[in-house]
Amino acid sequence: MELNRIFLNPVSRPIEGVIKADDESSLHNELSEYVLTDEVAKRLEHFLDAYNDYHGANGVWVSGFFGSGKSHLLKMLALLLENRQVNGDNALDIFLPKIQKEDELLRAALKKAVAIPSKSILFNIDQKADIISKTQIDALLSVFVKVFNEMCGYFGKQGYIAQFERDLDGRDQLQHFKDAYQRHANKSWERGREQALLEAGNIAKAYAEITGEDPALSKGILDKYRNQYSVSIEDFGNQVKAWLDNKPANFRLNFFVDEVGQYIAENTKLMTNLQTVAESLATKCQGRAWIIVTAQED
């Protein structure tokens with residue numbers, strides 16, 4: 001018998017050596033071929049106990065040596081807790097057969113966690129961070145704000161534009177603004193905001209149309225937002241809470257952050273900011289917002 005015939009799956013198929021947080025081309029394979037070791041199963045049970053019965057801790061630090069499977073585990077958790085549909089199958093249905101039949105406690109805990117409605121935001125922090133942002137005092141917070149804004153449908157690249165959109169949305173005017181901008185600029189707002197400096201005239205016309213303001217005064221609306229915009233951990237916590245308040249009472253928002261350890265390195269300020277972000281979310285959201293990160297075990 002040929003050696004390759006004893007394996008369930010073709011051994012000649014391409015296998016990704018490194019799991020990437022932003023790669024969604026092989027989600028079904030990554031779920032179905034994940035190996036749940038005894039050690040991971042034990043740790044997973046501890047995490048699920050805390051997740052299902054919140055007692056103040058809303059942060060998880062996943063550490064391990066290079067190639068130990070941190071990113072793969074993080075990605076699986078992101079898919080599982082949201083119970084994402086992958087090629088027509090639920091993530092939970094793909095994953096459950098990996099749990100040994102005698103481990104009913106883990107099976108029950110996972111089902112209970114998945115039954116809690118949630119949204120997962122999975123990202124590699126180095127990929128999402130601006131090139132120069134790491135040297136800034138609010139660098140880590142800026143990345144969290146960026147991915148949260150993108151999840152909400154706002155412009156992640158520029159926080160002040162995202163705040164402009166959020167304010168319009170809060171007044172139920174965002175869609176009206178987009179429609180008006182489309183008429184004046186003959187392009188979608190999603191394209192136009194990428195060139196906001198060149199589109200000041202069309203932005204002013206659209207804003208004046210939906211608000212009734214003088215077009216001359218509306219022309220500098222984004223300049224005003226840019227001049228007044230600032231970011232703080234408290235504001236971020238309030239925005240996450242406001243988003244969650246519009247969801248069912250037990251809805252969760254979970255941030256899955258890959259390679260935090262490498263991003264922070266020896267910068268104690270970034271580490272303190274991460275801790276403060278987690279604490280602020282815990283205080284304001286009362287267990288409805290979690291942060292799960294990975295770091296190399298050095």
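Quick caveat: nothing in here was measured; it's all calculated off a predicted structure. Position 1 is the first residue of the sequence, and the numbers go up from there.
- Between Arg226 and Asp223 a salt bridge is recorded (basic side-chain N to carboxylate O distance below 4.0 Å).
- Using modelled atom types and a 3.5 Å distance limit, the side chains of Asp167 and Gln163 yield a donor-acceptor pair.
- Within the 4.5 Å cutoff, the side chain of Phe144 has heavy atoms near those of the Val257 side chain.
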Name the atoms and distances for all side-chain donor-acceptor pairs under 3.5 Å in residues 100-117, with sequence neighbours left out.
residue : atom : partner : partner atom : Å
Asp103  : OD1  : Leu106  : N            : 3.4
Arg107  : NH2  : Ile99   : O            : 2.9

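- Salt bridge status for Glu190 with Lys178: present, with a side-chain N to carboxylate O gap under 4.0 Å.
- Using a 4.5 Å cut-off between side-chain heavy atoms of Ile, Leu, Val, Met, Phe, Trp and Tyr, with links allowed through other members, Trp61 and Val143 fall into the same hydrophobic cluster.
- Thr272 pairs by the side chain to side chain contact (heavy atoms under 4.5 Å, CB included) definition with Thr276, not counting sequence neighbours.
- For Lys241, the NZ atom sits in a loose shell: 12 or fewer heavy atoms of surrounding residues, nucleotides or ligands are nearer than 6.0 Å.
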Please table the atom pairs, donor to acceptor, closer than 3.5 Å between any side-chain atom in residues 209-216 and protein atoms at least two apart or in another chain.
residue : atom : partner : partner atom : Å
Glu209  : OE1  : His184  : NE2          : 2.8
Glu209  : OE2  : Arg183  : NH2          : 2.1
Thr211  : OG1  : Tyr207  : O            : 2.7
Thr211  : OG1  : Glu213  : N            : 3.4
Asp214  : OD1  : Ala216  : N            : 2.9

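- Ring centroids of Trp189 and Phe155 are separated by 6.0 Å or more, keeping the two rings apart.
- There is a side-chain donor-acceptor pair under 3.5 Å between Asp179 and Gln175.
- At most 12 heavy atoms of other shown residues, nucleotides or ligands fall within 6.0 angstrom of atom NZ in Lys219.
- Annotation for Lys187: atom NZ counts as buried by contact number, over 12 foreign heavy atoms lying within 6.0 Å.
- Across all non-hydrogen atoms, the minimal contact from Ala139 to Tyr263 is CB-OH, 3.6 Å.
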